[in-house]
Amino acid sequence: MPNTYFWRKLHSFLGLFPIGVFLFEHMFVNSLALKGEAAFNRGVAFLQGVPYLWLVELVLIFLPLLFHAFYGIYIVYLTKNNVLSYTYFRNWLFYLQRITALVTLAFVAWHVFVLRLGFSGEISYAAVSQTLSNPVVTALYVIGLFASFSHFANGTWSFFVSWGITIGERAQKTTAYICAILFVFLTVVGLKALNAFV
Amino acid sequence: MSNDKSSSIIKPTSKDVTFIIKRSNGPGFSSYWEEFQIPYYPNMNVVGALMEIQKNPVNGKGEQTTPVTWECNCLEEVCGACTMIINGKARQACSALVDKLTQPIRLAPLTKFPLVKDLVVDRRVMFDNLRKVKAWIKIDGTYDMGPGPKIPPQVQEYTYELSKCMTCGTCAESCPNVNEKSKFIGPAAIAQVDLVNSHPTGALMKEERLEALMGEGGIAECGNAQNCAKACPKGIPLTRSIARVNRQTSVYGIRSWLNR
Ligand code: SF4
Ligand code: FES
């Protein structure tokens, strides 16, 4: 039976590979909508034509997400936050990492249910814009995107520390800047793509 | 200094310092806050104020009360015994100067260790953790083992910082992942593993220590809030140590899996 160390490292690793990679792929496909309805529909059709799609989705998306989510809830539970006494920046990010974890989890569960599992019919530009025609839904998407991207960016920073890759203060600071840029980049891309549907 | 034990109400003068202290008779007893007015003297520290209360245990309402229990030892921030929460943050009472604190000064016992009484807690777990990770260097033997190995000055310089740890528990107190729900060993023991693993003789037991840190409550339960390094009164680079030991455990974990 693997030790705690293994499960923790797996949790951290899965956040980047495949979940982080999938996040990029997802934003890429969404951004096809900037090139028009047809481009987006072609992208979706291509993905749906992937052989063994169910297996790919199961192994590269659903199982990693489920493990990351459930083990993550346990990690959130184990924490007793103290940002009011120890008001350091990192402590706030640590706290936000847990808040964004829960927000992202709720968002992804809802998103997957509405547009994937509970969705009847073909996914298309029209179907997505139909879903997003409700301004409340759009607002929730904006919140969900912010939460997911910040959780991913800060998680990437933590990944480098907890695997023992960034050790020194300067290395950790540099990766923090890189992760901040990553967050801004994803947010811009994500919001622009969202805007293409509303 | 007045040693007047009269029970007449003590009126706070501008030269009095107000302390609000969280008190409890021990586990199982409820806790309550009690206020004290303590005559000020120059360069007074929190331990000095507690000694005044001991001499004259009268609270802010002028009532006779029991003296506040606390611990101290070295009085120069090297033993860690007087660690308590002062105005919201864990630190040493002996090096906490009243002049530098905002008043009223609030004192409370550490929350991450079992309470003994008033401001005294049982920090035994700090020492148990050092035992768990074998934070020592084995040099005892039945024969003369010869002179010790040479240690490069850069290593000496770095490990000297780590050796300043006084097991006070300030780092554990500041850590959101050290609490009654989690079994996390906390930052101090990890830095001590870094210290003894950096020593050529200590490194002979490196893998045992890494194994100990890879189980439940081990190093992987660090969530990088990084409060510890900011809170440590000795300026120990705890987050650097944690990252260094993270690298050791990651490499060790992968290598031992591949060799199995
Ligand atoms: S590392 Fe610092 S804060 Fe932690 S026990 Fe040692 S001296 Fe105290
Ligand atoms: S009495 Fe030793 S640290 Fe304060």
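Just so we're clear, the structure is a prediction, and the values are computed from it rather than from any experiment. We name chains A, B, ... by the order of the sequence lines, and we start the count at 1 in each one.
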Within residues 81-110 of chain B, residues adjacent to chain A where the heavy-atom gap is under 4.5 Å:
G88(B), K89(B), A90(B)
Report, in residue-number order, which members of residues 151-169 of chain B are under 4.5 Å from chain A by heavy-atom distance.
none
With the side chain counted from C-beta on, respond yes when [X] and [Y] share a heavy-atom pair under 4.5 Å apart, and no when they do not.
X       : Y       : answer
I190(B) : V133(B) : no
Q226(B) : K230(B) : no
W7(A)   : K9(A)   : no

Using the ring centroid of each side chain, check whether F13(A) and F17(A) are separated by less than 6.0 Å.
yes
Should we say atom CZ of F113(A) is surrounded by more than 12 heavy atoms from elsewhere, each under 6.0 Å from it?
no
Residues 158-190 of chain A vs chain B, non-hydrogen distance cutoff under 4.5 Å, contacting residues -> S158(A), V161(A), S162(A), W163(A), G164(A), I165(A), T166(A), I167(A), G168(A), E169(A), Q172(A)
Report, by ascending residue number, the residues of residues 22-58 of chain A in heavy-atom contact with chain B at a distance under 4.5 Å; give 'none' if the set is empty.
none
Answer yes if the side chains of [X] and [Y] hold a donor-acceptor pair under 3.5 Å, and no otherwise.
X       : Y       : answer
D194(B) : S241(B) : yes
R124(B) : N129(B) : no
Y5(A)   : S250(B) : yes
N177(B) : E221(B) : no
N197(B) : R209(B) : yes

For the backbone of T79(A) and the side chain of K181(B), can you confirm whether one donor and one acceptor N or O come within less than 3.5 Å of each other?
yes
Donor-acceptor pair, S12(A) side chain versus R8(A) backbone, under 3.5 Å?
no
Heavy-atom proximity to chain B below 4.5 Å, by part of W92(A)
neither
Counting only heavy atoms closer than 4.5 Å, note whether F6(A) contacts chain B via side chain, backbone, both or neither.
neither
Should the pair K112(B)-E173(B) be classified as a salt bridge under the 4.0 Å nitrogen-to-oxygen rule?
no
Would you check, one step at a time, whether the test ring-ring contact (aromatic ring centres under 6.0 Å, His included) holds for W110(A) with Y141(A)?
CA-CA 10 Å; W110(A) 172 63; Y141(A) 263 78; 5.4 Å; yes
Look at C175(B), G215(B), P237(B) and state which one has the largest set of heavy-atom pairs under 4.5 Å with chain A.
G215(B)
